[in-house]
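Everything on this sheet refers to the single structure shown next.
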Amino acid sequence: MSSPIRDFIKKKGKEKIVMLTVYDFSMAKILSRSDLDAVLVGDSLGMNVLGYPTTLQVTMTDMVSHVRAVARAGIKQLIVADMPFMSYEQSVEKAIYNAGKMAREGAHAVKLEGGSEIEEKVSKIVEAGIPVMGHIGLTPQRVLRIGGYRIMKDEDKLVSDAKALEDAGAFSIVIENTLSHIAKKITDTIKIPTICIGSGPHCDGQVLVIHDVLGLGEFIPYFAKPYLNLKEQILSAVKSFTEDVKTGKFPFKENYKE
Ligand code: KIV
């Protein structure tokens, strides 16, 4: 029997893995018809959906509500849910409890930001039966300590963090915003799939924020590629609807019954 997580892991070295963020039911329904391997209910929903300035404001309540909406779409892809800021830092118990909540709501796996310092939490969540995706490099939940959104270049630390996460039982690792040769070294060193964002072409897969791919984002980073200009297309549709109502054209004959 095929399972999204086993299919995902088996792709390392054979086929590139593709993941996009998704935050709501209707988009999840659309994406379920695609060939994406996984979707990430990312805490980037804070900025893209909820209007927060950073991911630090995102709560478990926010995440649970969006994980639930995505899971309700009954999609075939692997659903990974971000553990938000302060949902796993304080204790192993809290980390397991909150990861369990995500799994109960329909996530197939959770993603935690951090390296060797979260090793124990990762291994205990995995022991509890919940697959964990790591996230190293630029970890936006640590933006205050890092001092801004910048490229992370400490090769030795990144490689040892990746190994620590692999040893703790993570099934995959997102590598955000590092130099491509570092992402390559990590990918060549560990046996689990690496997924790059802003870290070049050498990972086993790529992830982007869906708002950036569709041209919906307020600010599109240089490492993302907008394949559509949906913001302009939405404005144009709204303009046409407004004109049709103002000029009495809408509703058209087919839009009502006498
Ligand atoms: O929340 C998110 O969108 C993410 C990606 C940057 C990987 O964690």
Side-chain angles (χ1 to χ4, degrees), residues 4-5 19-29 31 38-75 77-146 149 161 165 168-174 176 195 197 207 209-211 217:
I5 192 135
M19 179 161 88
L20 277 178
T21 63
V22 65
Y23 312 118
D24 65 66
F25 176 84
S26 56
M27 190 61 77
K29 274 274 178 211
L31 296 188
V39 295
L40 169 67
V41 186
D43 59 357
S44 52
L45 67 83
M47 291 85 88
N48 291 312
V49 180
L50 301 175
Y52 298 154
T54 69
T55 56
L56 302 187
Q57 288 73 33
V58 178
T59 63
M60 270 302 287
T61 310
D62 294 329
M63 287 305 302
V64 161
S65 153
H66 287 270
V67 167
R68 222 180 251 154
V70 169
R72 275 195 204 112
I75 66 179
Q77 283 87 2
L78 179 74
I79 303 174
V80 183
D82 254 339
M83 296 278 286
F85 181 58
M86 286 301 140
S87 67
Y88 56 96
E89 288 85 345
Q90 285 142 307
S91 67
V92 169
E93 291 71 26
K94 192 163 177 192
I96 299 174
Y97 177 79
N98 283 324
K101 253 187 168 171
M102 297 295 198
R104 279 217 181 95
E105 298 301 342
H108 302 130
V110 293
K111 177 163 79 59
L112 275 69
E113 296 185 9
S116 52
E117 75 282 11
I118 59 161
E119 205 175 342
E120 192 190 357
K121 283 157 190 155
V122 171
S123 86
K124 295 292 183 196
I125 295 171
V126 173
E127 263 175 39
I130 304 161
V132 173
M133 177 177 268
H135 182 155
I136 59 171
L138 175 66
T139 45
Q141 292 176 14
R142 313 270 165 87
V143 65
L144 298 176
R145 198 186 71 198
I146 293 169
Y149 299 98
D161 278 345
L165 291 170
F171 74 95
S172 173
I173 302 177
V174 165
E176 178 166 355
I195 311 293
I197 176 160
V207 57
V209 165
I210 192 148
H211 282 50

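If you're wondering where the values come from, they're calculated on a predicted model, not measured in any experiment.
Counted by atom type alone, Ser44 and Tyr23 present one or more donor-acceptor pairs between their side chains at under 3.5 Å.
Here the CG-NE2 distance, from Leu20 to His211, works out to 12.0 Å after rounding to the nearest 0.5 Å. Rounding to the nearest 0.5 angstrom, the gap separating the OG1 atom in Thr21 from the CG atom in Asn48 is 6.5 Å.
Residue pairs meeting the salt bridge (Lys or Arg N to Asp or Glu O under 4.0 Å) criterion with at least one member in residues 117-135, sequence neighbours excluded: Glu117-Arg142, Lys124-Glu127. The salt bridge (Lys or Arg N to Asp or Glu O under 4.0 Å) analysis of residues 46-61, with sequence neighbours excluded, yields no pairs. Among residues at least two apart or in separate chains, side chain to side chain donor-acceptor pair (under 3.5 Å) pairs with a member in residues 128-141 are Asp43-Gln141, Tyr88-Gln141, Lys111-His135, His135-Glu176. Pairs passing the salt bridge (Lys or Arg N to Asp or Glu O under 4.0 Å) check and including a residue from residues 56-68, sequence neighbours excluded, read Arg68-Glu105.
His66 pairs by the ring pair (Phe, Tyr, Trp, His ring centres under 6.0 Å) definition with nothing, not counting sequence neighbours. Remark: Phe171 engages Phe8 in a ring pair (Phe, Tyr, Trp, His ring centres under 6.0 Å) (not counting sequence neighbours).
The shortest non-hydrogen separation linking Glu89 to Pro84 is OE1-O, 4.4 Å. Counting all heavy atoms, side chain and backbone alike, Met83 lies closest to Ala95 at CE-O, 3.5 Å.
Gln90 contributes no side-chain N or O that, together with a main-chain N or O of Ser87, makes up a donor-acceptor pair within less than 3.5 Å. Between the Asp24 side chain and the Ser26 main chain, a donor and an acceptor come within less than 3.5 Å of each other.
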Legend entry - Check against side-chain contact (heavy atoms from CB on, under 4.5 Å), Asn98 and Val110: CA-CA 10 Å; Asn98 283 324; Val110 293; over 6 Å; no
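Heavy-atom neighbours of Tyr97 OH from other residues, nucleotides or ligands within 6.0 Å: at or below the threshold of 12.
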